[in-house]
There are 2 protein chains.
Amino acid sequence: MSKYDPNLDQCFSALGDPTRRLILQRLARGEASVSELAAPHDMALPSFMEHLKKLEVAGLVTSKKQGRTRTCELAPDAFAPAKKWLSEQSEIWEGRLDRFDDYVKNLMQERQK
Amino acid sequence: MSKYDPNLDQCFSALGDPTRRLILQRLARGEASVSELAAPHDMALPSFMEHLKKLEVAGLVTSKKQGRTRTCELAPDAFAPAKKWLSEQSEIWEGRLDRFDDYVKNLMQERQK
DNA sequence: GTGTTACTTAGGTATATGTCTAAGTATGAC
DNA sequence: GTCATACTTAGACATATACCTAAGTAACAC
C-alpha cells in the first residue's frame with residue numbers, strides 16, 4: 001500500500017489550480033520564458049511567479065536563468081508520481097492486484113526511498 | 001486539447017491532502033461508514049467530515065445514509081478525469097519528443113545520401 | 001420514553017493561498 | 001553611462017482551508 005508521500009501533497013495541490021494547469025499545458029508543448037508564460041494570464045507578474053514557484057517546488061517544472069531571462073520547462077516524468085498513485089488506487093478498486101503484485105509494488109516503493 | 005475544467009480544480013485539490021488520499025486508499029478496498037473511515041484519523045469528527053464533503057463535491061466519493069449510518073464508497077471511475085488530464089499532457093510532451101526524434105532521424109538520413 | 005450511537009450544524013481561530021502595488025536588481029541595447 | 005527589459009523582493013490584504021469545541025438531531029436498543 002502506498003504510504004503518505006508529502007511530495008504528492010504539493011504535486012496534486014499544484015495541479016488543483018487552473019492557472020497552473022494552463023501553464024503545464026503550455027509547457028507540454030515546449031519550454032518558454034517567464035514572460036511568454038505569463039502573457040496569456042491577466043495577472044500581475046509577482047502573482048504569476050508564485051504559481052511558477054509552486055510548480056517548481058512540486059517538482060513539475062524546472063527552470064534556469066540565462067542573462068535576465070528565466071526559461072521554464074516541464075520536469076522529466078513530471079506527472080509520473082501522480083499517475084502512479086492514481087493507477088494504484090484504480091487497480092486496487094478494480095481488483096486487479098493479487099497478493100504477489102502487491103508484494104512487488106511494496107518492494108519497489110521501498111527501494112525508491 | 002483539454003479546456004479549463006472547474007471539476008479538475010476540486011478533484012486535484014481534494015487529492016492534495018494526505019488525509020483525503022488515505023480515505024481514498026481505504027475506499028479503494030471497499031465501502032465503509034463514516035466512523036469506520038474516521039477511526040484511524042486523530043481528528044475531531046466534524047473536521048473529518050469536511051474532508052469527506054470535499055471528496056464528494058469533487059466527485060471522488062459517493063455516500064448514502066441508511067438509518068443513522070452513512071456509507072461511503074469510491075465513485076465509479078473516480079480517478080478517470082484526473083488520469084485523463086495527466087495522460088493528455090504526457091502524450092503531448094512525449095509527442096513533442098517524438099517529433100524531435102523524427103526530425104533528427106530525417107536529418108541523419110539526409111546526410112547519409 | 002430514556003439513553004446511546006452516529007452523525008450534523010454552528011461558530012470560532014490560526015495558518016495558507018492568491019492576489020495586489022511599489023520598489024529593487026541585474027542584464028542587454030544604444 | 002543611460003535607459004529599457006525581465007524578472008525579483010517586500011509588504012499588504014481578503015478569502016479559503018484545516019482544524020477545534022459545543023450543542024443539535026435522528027435512529028436504534030432496551
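These figures come from a predicted structure and were not determined experimentally. Below, read A as the first sequence line, B as the second, and so on, with proteins coming before strands; counting in each chain starts at 1. Quick note: numbers below take in every heavy atom, side chains included, and nothing from hydrogens, waters or symmetry partners.
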Chemist: Taking side chain to side chain contact (heavy atoms under 4.5 Å, CB included) as the test, write out the residues that go with A:Ser13, two or more places apart.
Modeler: none
Chemist: Could you name each residue pair satisfying salt bridge (charged side-chain N to carboxylate O under 4.0 Å, His left out) that touches residues 7-16 of chain B, not counting sequence neighbours?
Modeler: A:Arg21-B:Asp9
Chemist: Using the test side chain to side chain donor-acceptor pair (under 3.5 Å), find all partners of B:Ser90 that sit at least two apart in sequence or belong to another chain.
Modeler: A:Lys83
Chemist: Give the rounded distance in Å between these two atoms: CD of B:Glu36 and P of C:dT5.
Modeler: 16 Å
Chemist: Quick one: B:Phe12 CZ to C:dT17 P, roughly how many Å, whole number?
Modeler: 18 Å
Chemist: For DNA chain C, find the residues of residues 61-69 of chain B with a heavy-atom distance under 4.0 Å and give them by number; none if there aren't any.
Modeler: B:Lys65, B:Arg68, B:Thr69
Chemist: Can you check the B:Asp9 CG to D:dT15 P distance for me, whole Å?
Modeler: 19 Å
Chemist: For A:Ala75, check side chain to side chain contact (heavy atoms under 4.5 Å, CB included) against everything at least two apart and list the hits.
Modeler: A:Thr62, A:Ala78
Chemist: Determine all donor-acceptor pairs shorter than 3.5 Å in which one atom belongs to a side chain in residues 44-61 of chain A; sequence neighbours excluded.
Modeler:
| unit_1 | atom_1 | unit_2 | atom_2 | d |
| --- | --- | --- | --- | --- |
| A:His51 | ND1 | A:Arg20 | NH1 | 3.1 |
| A:Glu56 | OE2 | A:Ser63 | OG | 2.7 |

Chemist: Any chance you could list the contact pattern along nucleotides 16-25 of chain D? Use B for base contacts, S for sugar-phosphate-only contacts and - for none, protein heavy atoms under 4.0 Å, 5' to 3'.
Modeler: -SSSBBB---
Chemist: With sequence neighbours excluded, tell me which residues meet side chain to side chain contact (heavy atoms under 4.5 Å, CB included) with B:Asn7.
Modeler: B:Asp5, B:Gln10
Chemist: Quick test of your reading: applying ring-ring contact (aromatic ring centres under 6.0 Å, His included), list the pairs with at least one residue in residues 13-39 of chain A, sequence neighbours left out, ordered by first then second residue.
Modeler: none
Chemist: In whole Å, what is the span from the CZ atom of A:Arg70 to the P atom of C:dT25?
Modeler: 18 Å
Chemist: Rounded to the nearest 0.5 Å, what separates atom CZ in B:Arg29 from atom CG in B:Leu27?
Modeler: 11.0 Å
Chemist: Rounded to whole angstroms, how far apart are CG on A:Leu52 and P on D:dC7?
Modeler: 10 Å
